[in-house]
**Student:** 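One structure coming up, written as structure tokens, with questions to follow.
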Amino acid sequence: MSQSKQQMYRLNTGGRIDRSHTLSFTFNGERYQGHPGDTLASALLANGVDIVNRSFKYSRPRGIVAAGAEEPNAIVQLGSTEAAQVPNVRATQQALYDGLTASSTNGWPNVQRDLMGLIGKLSGQFMPPGFYYKTFMAPASMWLTYEKYIRMAAGLGCSPMEVDPDSYDHLHQHCDVLVVGAGAAGLAAALAAARSGARVIVADEQEEMGGSLLDSRETLDGKPADQWVARVLAELAGCENVTLLSRTTANGYHDHNFVTLHERRTEHLGETAPVVHGHRQVRSRMHRVRVGQVILTTGAHERPLVYAGNDVPGNLLAGAVSTYIRRYGVAPGRKLVLSTSNDYGYRAALDWNEAGCEVVAVVDAREAPAGDWVDATRAQGIKIITGSAVIEAKGSNRVTAARVAKIDIEAFKVSGPVQELACDTIASSGGYSPVIHLASHTGARPTWRDDILGFVPGLVKGVQACGGANGCYALCDVLAEGVEAGIKAAAAMGHAAQTVSLPSAEQLQQGPAVALFQVPHEKPTLRGPKQLVDLQNDVTAAGIELATREGFESIEHIKRYTAMGFGTDQGKLGNINGMAIAARCLGRSIPEVGTTVFRPNYTPVTFGAIVGRHCRDLFDPERYTALHQWHVERGAEFEDVGQWKRPWYYPQKVNGKAETMHEAVARECLAVREKVGILDASTLGKIDIQGPDAREFLARIYTNKWEKLAVGKCRYGLMCKDDGMVTDDGVTSCLAENHFLMTTTTGGAAAILEWLELWHQTEWPELDVYFSSVTDHWATMTITGPEARKLLAEISDIDLDRDSFKFMDWRSGKVGGVPARVFRISFTGELTFEINVQANYAMHVWQTLFKHGEKYGLTPYGTETMHVLRAEKGFIIVGQETDGSVTPEDLGMQWAIGYDKPYSWIGKRALIRSDTKRENRKQLVGLRPKDPKVVLEEGAQIVLDPKHAIPMPMVGHVTSSYYSPVLDSGFALAVVKGGHQKLGETVYLPMADGQTHEAEIVSTIFYDPKGERQNV
Amino acid sequence: MQRYSGFGLVKHALSHHENWERQWRNPTPKKQYDVIIVGGGGHGLATAYYLAKEFGVKNVAVIEKGWLGGGNTARNTTIVRSNYLWDEAAALYEHAMKLWKGLSQDLNYNVMFSQRGVLNLGHTLQDMRDIQRRVNANRLNGIYGEVLDARGVQDLVPIMDCSTSARYPVLGASWQPQAGVARHDAVAWGYARGADAHGVDILQQTEVTGFKIRDGQIYGVHTNRGDIEAKTVGCVTAGNSSVLAKMGGFNLPLESHPLQALVSEPIKPVLDTVVMSNHVHGYVSQSDKGDLVIGAGIDGYNGYGQRGSYPTVEHTLQAIVEMFPIFSRVRMNRQWGGIVDTCPDACPIISKTPVKGLYFNCGWGTGGFKATPGSGHVFAASLARGEMHPIAEPFSMFRFHSGALIDEHGAAGVAH
Amino acid sequence: MFYIYCPYCGEHREEEEFHPKGQAHIERPKEPEACSDEEWGDYLFFRDNPRGVHHEMWVHAVGCRKFFNVTRHTVSYEILETYKMGEQPSITAGSQNQPRLAHAVSQKEGVRA
Amino acid sequence: MSNAATFDSRTDTAIPVESPLAYSYRRSGAPQAGSPSWLQLRERAMLGHLILRGGAIVLDEAVRDVLGISLPGQPQALVQDASGERSIQWLSPDEWLVIVPGGEEFPLETKLREHLGDAHFAISDVSGGQTLLELSGEAARELLMKTVIYDVHPSNFPVGKGVTTVFAKATTILRRPSEERWELVVRRSFADYCYRWLLDAAAEYGVNVQQ
């Protein structure tokens, strides 16, 4: 580790940094120092670090060019540990903290001496835009190999390879007025809105609120502008109706005034979130804000001029130079040449000169610049070269000189001799582009204004833009616009305006700017040295010109062909310049070439913040039954069914070894067939249906008949959609003449309740019936097997006699002392009682059953055993035997179809469509493998001729397949074309491993075909 | 047509790239064509290309209201696969897959078809049954695929959380090694250049405002640049199909929904394959530039705004971070939206219509890009012959009357 | 993300509380068996799907669980009105009282960044 | 009497019951991590919950006579009796949630049914299917802002209001019975998820769980 370096570019005074404290940080393995208040970028500049990165395509050395969100070059990898890595952090937006560790994202072996750069230099000319579309095509087989090498150059930073130690969250906010950006306009707007009593949120992306007022040369009420900022912030902070969010970026504007604000709560403190009073804080927070009125006071981004060599370190935006000097106390060089097309740029020269550094010259593209700052510059004795521009920056790792010449903007040519001015810094200003991103996010098209040479936001309901974001730059006008917007927004939300007196601002005289984007060079663009438009993607003016030559005329085509604007800065610096260059090449105006519509995010947002708390254990709800604890303690393996966790099987330890699933399921199956088993069936959907028309409603919604179902009886029902395809099934019981309890599949519960409401509310409002979900109210315990009656009799007062409590009856009484409804229905084919009790009693009843059940061999079983047992009986599972293309007739369930019901129930009409009447539809059958040891693969495809060449005609597939312990053989359910007419025929199942199984088409009922066991 | 090659690139570099030709012309519309293709996206341009190149119909116009390749072609997540369940769909997508394999050479335009393999994850037992069923069907249809268990998935994608402690643990996956991704824009541009070279007129910034129909037969279109005549018109206007159908006087069984996608900032390569999960509901691949390209779900409402709702993006990133917890600190750069025309059975419509001579190719839902060459090829064959190509036959719009749907919901990357 | 006025709850609620349920005012044929396959298929599957003013059904799923109708512009996404089940829209694609969709019109597909 | 079956799901108090959070307490504990005045969470288990369906005009008189409070006819309204132990909340134009002390629900249902006679209405006992969580303390509102999408600012959510809304990825009925207290009615099967969510979201403040 080398010695800490001096901050040789740090000014002795000025700036908003705290020189009394020193922070140390590491960049590319070197240790440096900075101060609280620094960004990583300002600290790097203070330490004279010129090269912060290498460019993406040509690997050219790159330095810091901007001071904010628009920075394309200073993209670094942050983090000292693997888990804390953050890729692609913009150094200009990262506050410095003690111990910060960062490195460049590109450059091999390092950014100073980079070998890739050599390749870039040598072969750059062979890599025009779209070169990869034109080559790497031969031989065809080699593309993956070529691509492997192309991919080696991919990416900027690195993903962490360990799990994030931090957490993130969301805050659902609602406000009357959201002010985005706390600069002059934003603070004025916020003040006006706040005084009206409206609920106001002010969001600002920077460490400190105040925007450009923090480094302004201008005064308010005769005092430095930041004093006014402090006063306003103090007032706002004292308002109960105002929320101030700094370090918070409005990154997306969505429909109906929904805005996402990303608040970086701890990223300025360290690489992981701190613990405060024993409570770990969240790293960052997404505010999801529903806003009444949005005020965009997002300011404007300066445009650099596009000249040759404009990417050599030492080329900066003029405004950034001022910001580094005035806000951070850093002069990013010693000798400055300023190239400008407007008055604003002069600020950099004045600030530079006042900081005690040398301004070599101001080069102004205008013939006769005039204005207060121009005068001030002259007054300070700084040389101004007019009608000229910096046409080329010299130097490789740092600017060494500026080549300056007269230019003819109209004719796009250099019109005079070139002089070379030695310097180490070139600042440029091509004017300002309003930050219109958010207003564009829902598709509103911005409007080009020739007077400000920029796009202003299009019209969006409930959104106002003011200040720089609206192309208004004079401070006094900015403040006035802000106040007006604040009053208007509050009024729109019903809050009457209060007076806001504006501070007096200087009336600066400024001359008009000239439209200059690309600076001409002595050589034609295609032949001259590189003029960079998009620094991050190495898009050059020549590249854009080439694209237009090749027929790419829409700006969208040009951007896609050249990759302009696709970087992490999303073209904040380069896009307008690119459009202007395209316009020049195509002989059109900028608005004719195309307007820009931006998409979220304004700046990149950590996935974690978007995810919030919805990750890990809280990714998705886990729904539990009232008996979950018991299942966990019993060591159950769980199956995900919808959001429910259902016991899948209960492996036991046998001789110290846990059973396999196969062993456990075989044991559970036999227990049910021979003794008694118990299933937690609480997850089935249960809908309470009451009303005089309940029966009629059931008849319309189910395929089968309900008119004669007596009180005390249960019936299985099938439900279709109106396309005739099966969608759900379950047992519905008649509790009273006007009262039914419907059960649905576990996964279908919510959808079926909505389905019932849909039909009731939209088509049959005349039916008097109500539906309420009682799924969670009841716990359902299914005891099934020959011993079920004996077990239940021990703890129930219900008359369980087979003749008084018949199959498909229900009774109420007490079970284990708890009021219960008991249903004699069966999904296993065995004698079964489904015991329903209020869920709070479930554990007691379940445990009581076990207390008494031990002597009967009571065995808990899970969903896997349930599946085997029901399949042995040929009972379907909706979603397994059916897939949205299966009718009740396909299932052979004509017995559940009320063809002659008076009302044309849901699904009936579809059953007589030409395709549903087709003979060879896939129909549900049983399959018995010829080799009983074989358990067919679920999903195996069925063919009639296994010797047929590929593609082999398939006639169906296996829907369910298991080993049956009671039959000691494999068996399956399947759908087969015309299967109902094919009983006894042999089919084949060719498998991926080359084997072909043979099976016979049989009845779907494999066990107890007469159904005697459930009736005992 | 100027042929592209590595040698040519060097030659052009030495002449400062001043001699590159336009990749396609900007022609003035003729009064009359043999065939008009409405819609200059990938499918439309492919149709025109194959019409001219393979079916000898060279007097063809492609009419595009914006810029070519600017609809869903420019907005999708570029996944190419053919492991569809039903025979009809598998045949269609596999037809496309065969064309993908030689497409760069055929077009002399590198569409960067990168066969890095696609994993479709299974998280529930039913997922795994569906995967087995699909892979078995694929193999018997001649589409190679494998069923992997969780360990097999982990071996392919070491950075994925394949542990049993996940909320919905990965139980396995289907793996189609020949599947992959392609460079979407290049597909449109390559077809455009190819079609143009075969004489097709690509008319950008030209909007069809109506059809000229007489006695149930189409004979041309009205456009903002005047009327253009043709006895055969094929509409391939994803995101606008219903609007054009209305001009023809009929409805389609379509709803147009927003479908969103997003990318991360570029990061160094960490993910070599395409990973899709229906259940956890997200899919992701990493581009050659380093972006994680992530597909979100479709929004349930109709929308032509090329944008959807924010929670859809949130849910997608939740799924991505659930599958790849290490991506929590990676940052999302940009999101966008397209308009997908969804059919009730998640299969497209390639069909004659009630208007004679007017054909529609639409309803691709979320799955259109991967079919581009196949769709264009069979549609071109159908337009050229006036009879539907056998592969296209089952995709008639009239299947929604007979009930002969091809229900592919399980095979789509995103359930509709 | 939409902010939807529920005509039953009498206030605007977040989109996340609602489910979209497709085109509104589709009536099930009174006598399904009298329909041809074509008519039945039209009822089941064929939709207007307009680019512009659209009447659609939503349900306030996490809320009052009531279905209701929304008139919404499918490009601007502006909600023009919501009304209860059984009521008719006051704003239709051709109607005179349609508010000027200034920004809807300006939101033609633009060029995207 | 409406022709519906009634069912008293309760039995003598000697039989043990488990609240929907019983498993959660065992699994996640009941942290005592902060001062109750800052943030407190309490389950009020075993209350009687009834869903009342019908026309407001039909139900109003019966409810007033039987329960002594008038049926809230306005959307989002919550009314309580003087003790605060019994409440009725508007859920939809034909649906109300009645919460009463545990054990009162069946007698209440019976009386209402008697009173309503042959009118068309429905009453469903859901006491086993949901539980009530109470949040209080200064941080309660911000915790709710992390959790529910509905605007819980006092200007929008005065005392006497109640809504059904989204709770993270579940749903909840959120009510404000008094200045200091918020109530969340959550479904039994989601209760553990809701509990874990609240603990996790409250971690930055510290939460006191009163069991």
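What you see below is based on every heavy atom in this structure, not just the backbone, and it leaves out hydrogens, waters and symmetry mates. Chain A is the first sequence line, chain B the second, and so forth, proteins listed ahead of strands; every chain is numbered from 1.
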**Student:** Any idea which heavy atoms bring B/Pro266 and A/Asn88 closest together, and the distance?
**Tutor:** O-ND2, 2.8 Å
**Student:** Closer than 4.0 angstrom, basic N to acidic O: yes or no for B/Arg399 and A/Asp915?
**Tutor:** no
**Student:** Under a 4.5 Å heavy-atom cutoff, which of B/Leu14, B/Asn108, B/Asp87 has the most pairs with chain A?
**Tutor:** B/Asn108
**Student:** Under 4.5 Å from any heavy atom of chain A, what part of B/His401 do you find: side chain, backbone, both or neither?
**Tutor:** backbone
**Student:** Sort B/Val270 into side chain, backbone, both or neither according to what part of it lies under 4.5 angstrom from a heavy atom of chain A.
**Tutor:** side chain
**Student:** Under 4.5 Å heavy-atom distance to chain A, tell me which part of B/Leu68 shows up: side chain, backbone, both or neither.
**Tutor:** both
**Student:** For B/Val330 and A/Pro160, work out which heavy atoms get closest and say how close.
**Tutor:** CG2-CD, 4.3 Å
**Student:** Would you mind checking which part of B/Val280 comes under 4.5 Å of any heavy atom in chain A, side chain (CB onward), backbone (N, CA, C, O), both or neither?
**Tutor:** both
**Student:** Answer with side chain, backbone, both or neither: which region of B/Gln204 has an atom nearer than 4.5 Å to a non-hydrogen atom of chain A?
**Tutor:** side chain
**Student:** Does the side chain of B/Trp336 reach to within under 4.5 Å of the side chain of A/Pro600, using non-hydrogen atoms?
**Tutor:** no
**Student:** Tell me yes or no: between the side chains of B/Arg334 and A/Gln570, is some donor less than 3.5 Å from an acceptor?
**Tutor:** no
**Student:** Where does B/Phe7 contact chain A at under 4.5 Å (heavy atoms): side chain, backbone, both or neither?
**Tutor:** neither
**Student:** Would you check, one step at a time, whether the test side chain to side chain contact (heavy atoms under 4.5 Å, CB included) holds for A/Met952 with B/Arg139?
**Tutor:** CA-CA 9 Å; A/Met952 201 184 283; B/Arg139 293 176 74 108; over 6 Å; no
**Student:** Which one, A/Lys645, A/Glu864, A/His948, A/Glu553, leads in non-hydrogen pairs under 4.5 Å with chain B?
**Tutor:** A/Glu553
**Student:** When only pairs under 4.5 Å are counted, which of A/Leu989, A/Thr135, A/Thr105, A/Val943 shares the most heavy-atom pairs with chain B?
**Tutor:** A/Thr135
**Student:** For B/Gln126 and A/Ile877, what are the C-alpha separation, side-chain angles and deciding distance, and is it a side chain to side chain contact (heavy atoms under 4.5 Å, CB included)?
**Tutor:** CA-CA 11 Å; B/Gln126 188 58 41; A/Ile877 300 238; over 6 Å; no
**Student:** I'd like to know which of A/Asp883, A/Val605, A/Asp617, A/Ile950 tops the heavy-atom pair count under 4.5 Å against chain B.
**Tutor:** A/Val605
**Student:** By a 4.5 Å heavy-atom criterion (distance strictly below it), what part of B/Leu271 contacts chain A: side chain, backbone, both, or neither?
**Tutor:** backbone
**Student:** Heavy atoms, side chains only, cut-off 4.5 Å: are A/Asn106 and B/Lys268 in contact?
**Tutor:** yes
**Student:** Which atoms of B/Thr124 are under 4.5 Å from chain A, going by heavy atoms: the side chain, the backbone, both sets, or neither?
**Tutor:** side chain
**Student:** Please check if atom CE in A/Met152 has more than 12 non-hydrogen atoms from other residues, nucleotides or ligands closer than 6.0 Å.
**Tutor:** no
**Student:** Between B/Ser114 and A/Leu144, does a side chain to side chain contact (heavy atoms under 4.5 Å, CB included) hold up when you go through it step by step?
**Tutor:** CA-CA 6 Å; B/Ser114 174; A/Leu144 269 181; 3.7 Å; yes
**Student:** Look at B/Tyr310, B/Phe113, B/Trp24 and state which one has the largest set of heavy-atom pairs under 4.5 Å with chain A.
**Tutor:** B/Tyr310
**Student:** Mind ranking B/Met128, B/Gln2, B/Arg22 by heavy-atom pairs under 4.5 Å with chain A and telling me who comes out on top?
**Tutor:** B/Arg22
**Student:** Got B/Pro169 and A/Asp640 here, is their nearest side-chain heavy-atom distance under 4.5 Å?
**Tutor:** yes
**Student:** If we only count heavy atoms from C-beta on, is the B/Glu314 to A/His170 side-chain gap below 4.5 Å?
**Tutor:** yes
**Student:** Could you tell me if the ring centre of A/Phe552 sits under 6.0 Å from that of B/Trp67?
**Tutor:** no
**Student:** Identify the heavy atoms of B/Leu9 and A/Phe126 that sit nearest to each other, and give their distance.
**Tutor:** CD2-O, 3.2 Å
**Student:** Could you check whether A/Glu937 and B/Asn136, counting side-chain N and O atoms only, form a donor-acceptor pair closer than 3.5 Å?
**Tutor:** yes
**Student:** Tell me, side chain or backbone of B/Asp185 under 4.5 Å from chain A's heavy atoms, or both, or neither?
**Tutor:** side chain
**Student:** In terms of heavy-atom pairs under 4.5 Å, which option from B/Val135, B/Ile159, B/Leu125 contacts chain A the most?
**Tutor:** B/Leu125
**Student:** Does B/Arg116 form a side chain to side chain contact (heavy atoms under 4.5 Å, CB included) with A/Glu147? I'd like the steps, not just the answer.
**Tutor:** CA-CA 10 Å; B/Arg116 46 189 64 257; A/Glu147 195 185 25; 2.8 Å; yes
**Student:** Within a reach of under 6.0 Å around CD of B/Gln132, are more than 12 heavy atoms found that belong to other residues, nucleotides or ligands?
**Tutor:** yes
**Student:** Are any of the side-chain heavy atoms of A/Gln941 and B/Asn138 separated by less than 4.5 Å?
**Tutor:** no
**Student:** Please evaluate residues B/Glu21 and A/Arg549 with respect to the criterion salt bridge (Lys or Arg N to Asp or Glu O under 4.0 Å), reporting the C-alpha separation (whole Å), side-chain torsions for both, the decisive distance (0.1 Å), and the verdict.
**Tutor:** CA-CA 7 Å; B/Glu21 288 174 6; A/Arg549 279 172 186 246; over 6 Å; no
**Student:** Checking B/Leu317 against chain A: side chain, backbone, both or neither under 4.5 Å from a heavy atom?
**Tutor:** both
**Student:** Under a 4.5 Å heavy-atom cut-off, does chain A meet the side chain of B/Asn26, its backbone, both or neither?
**Tutor:** side chain
**Student:** I'd like to verify something: which residue of A/Val163, A/Val86, A/Leu546 has the highest number of heavy-atom pairs under 4.5 Å with chain B?
**Tutor:** A/Leu546
**Student:** Pick one of side chain, backbone, both or neither for B/Val321, based on which atoms fall under 4.5 Å of a heavy atom in chain A.
**Tutor:** side chain
**Student:** Step by step, work out the side-chain hydrogen bond (donor to acceptor under 3.5 Å, both in side chains) result for B/Gln23 and A/Glu550.
**Tutor:** CA-CA 5 Å; B/Gln23 297 195 3; A/Glu550 289 194 87; 3.1 Å; yes
**Student:** Heavy-atom distance under 4.5 Å to chain A: side chain of B/Ala166, backbone, both or neither?
**Tutor:** neither
**Student:** Does any backbone or side-chain atom of B/Ser309 lie under 4.5 Å from a heavy atom of chain A? Answer side chain, backbone, both or neither.
**Tutor:** neither
**Student:** Quick one: which of A/Ala83, A/Ala992, A/Ala949 has the most heavy-atom pairs under 4.5 Å with chain B, could you say?
**Tutor:** A/Ala992
**Student:** For residues A/Pro621 and B/Tyr168, report the shortest heavy-atom separation together with the two atoms involved.
**Tutor:** O-OH, 4.5 Å
**Student:** Parallel, tilted or perpendicular: which one describes the rings of A/Tyr133 and B/Tyr109, with boundaries at 30° and 60°?
**Tutor:** parallel
**Student:** When heavy-atom pairs shorter than 4.5 Å are enumerated against chain B, which of A/Gly130, A/Pro990, A/Ala154 gives the highest number?
**Tutor:** A/Ala154
**Student:** So that I can tick it off, tell me whether B/Glu18 and A/Arg527 are bridged by a salt bridge, with the cut-off set at under 4.0 angstrom between side-chain N and carboxylate O.
**Tutor:** yes
**Student:** Might you point out which heavy atoms bring B/Arg307 and A/Asp255 nearest each other, and give the distance in Å?
**Tutor:** NH2-OD1, 2.7 Å
**Student:** Using a cut-off of under 4.5 Å for heavy-atom pairs, which of B/Leu262, B/Ile267, B/Ile320 has the most such pairs with chain A?
**Tutor:** B/Ile267
**Student:** Check step by step if side-chain hydrogen bond (donor to acceptor under 3.5 Å, both in side chains) holds for A/Gln85 and B/Arg329.
**Tutor:** CA-CA 7 Å; A/Gln85 293 296 305; B/Arg329 287 184 166 228; over 6 Å; no
**Student:** State, with a plain yes or no, whether a side-chain heavy atom of A/His614 is found less than 4.5 Å away from one of B/Glu322.
**Tutor:** no
**Student:** Classify the ring geometry between A/His557 and B/Trp189 as parallel (under 30°), tilted (30 to 60°) or perpendicular (over 60°).
**Tutor:** perpendicular
**Student:** Give me the atom names and distance for the closest heavy-atom approach of A/Pro604 to B/Arg331.
**Tutor:** CB-CB, 3.9 Å
